[in-house]
Amino acid sequence: MRIDKFLWSTRYFKTRNIASTACKKGHAKINGQKAKPSREVYPMDEVIIRKNQIDYKFTVLDIPSNRVGAKLVDIYRKDTTPKEAFEHNELLQHSKDYYRKKGVGRPTKKDRRDIDDYLEAPSENKDLDNNTSDNNNKEEE
């Protein structure tokens, strides 16, 4: 069975077209080698899929004849994805929760202060330079 069809039939991707696109972009590897969408999958192959910043690893146990239900997926593959991959993804989600998307709403008080600090920092140095040069000019006179 083709790798794109296998990924679609075991519900890693919603459509076969999305699975095929992922393979073309190099997100699918079979036994450590990048796989084109037409690459054949056989039982006992090690497959790595990169999806949503997680590397899913699994071993092909059997080839389904058609798309299978979610409860029957484990008959056709053995999932060997390390738990660290999911924990890393969870940390990324928590770090992104603080920031708003660009262009959404007014700046928060913290954002405004950061903007003010950024804009005022160079101008304060110019004022200090002007004051010292004025003092030097007065001393010369």
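Values reported hereafter were calculated over all heavy atoms of this structure, with side chains retained and with hydrogens, waters and symmetry mates removed.
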Spacing of K5 atom NZ and I63 atom CD1 [to the nearest 0.5 Å]: 11.0 Å

Residue pair Y42, E40: steps toward the side-chain contact (heavy atoms from CB on, under 4.5 Å) verdict: CA-CA 7 Å; Y42 301 103; E40 293 290 321; 3.5 Å; yes

If hydrophobic clusters are built by linking Ile, Leu, Val, Met, Phe, Trp and Tyr wherever their side-chain heavy atoms come under 4.5 Å apart, do I18 and V73 end up in the same one? no

Is the backbone of W8 close enough, under 3.5 Å, to the side chain of R67 for a donor and an acceptor to pair up by distance? yes

As an exercise, state the distance from CZ of R77 to CZ of R11, rounded to the nearest 0.5 Å. 12.0 Å

Counting C-beta onward and ignoring hydrogens, is there a side-chain heavy-atom pair between R2 and R16 closer than 4.5 Å? yes

S9 versus N66, closest heavy-atom pair with distance: CB-O, 3.8 Å

Mind checking whether V47 and M1 sit in one hydrophobic cluster, side chains of I, L, V, M, F, W, Y counted as touching below 4.5 Å? yes

Could you measure the distance from the NZ atom of K110 to the CG atom of D114? Nearest 0.5 Å is fine. 4.0 Å

Contacts of F58 that satisfy ring-ring contact (aromatic ring centres under 6.0 Å, His included) - sequence neighbours left out: Y12

Could you check if a side-chain atom of I49 sits within less than 4.5 angstrom of a side-chain atom of D55, using non-hydrogen atoms only? no

I48 vs Y56, side-chain contact (heavy atoms from CB on, under 4.5 Å): CA-CA, chis, key distance, verdict: CA-CA 6 Å; I48 300 172; Y56 294 96; over 6 Å; no

Contacts of D79 that satisfy side-chain hydrogen bond (donor to acceptor under 3.5 Å, both in side chains) - sequence neighbours left out: T81

Classify the side-chain pair N17/S20 by whether it contains a donor and acceptor separated by less than 3.5 Å. no

Side-chain touch P82/K57, heavy atoms, less than 4.5 angstrom: yes

Separation of T108 OG1 from R113 CZ (nearest 0.5 Å): 9.5 Å

Hey, could you give me the OG1/OH distance between T10 and Y76, rounded to the nearest 0.5 Å? 10.5 Å

Shortest non-hydrogen contact from L61 to P43? O-CB, 3.7 Å

Residues P37 and K24: closest non-hydrogen pair is CG-CG, 3.8 Å

Check against side-chain contact (heavy atoms from CB on, under 4.5 Å), V60 and F6: CA-CA 9 Å; V60 178; F6 180 81; 3.9 Å; yes

Side-chain donor-acceptor distances from residues 25-34 under 3.5 Å, at least two apart:
{"from": "N31", "atom 1": "OD1", "to": "E46", "atom 2": "N", "distance (Å)": "2.9"}
{"from": "N31", "atom 1": "ND2", "to": "D45", "atom 2": "OD1", "distance (Å)": "3.2"}

Stepwise side-chain contact (heavy atoms from CB on, under 4.5 Å) test for S38 and I3: CA-CA 6 Å; S38 61; I3 182 67; over 6 Å; no

CZ of R39 to CG of D4: how many Å apart, nearest 0.5 Å? 13.0 Å

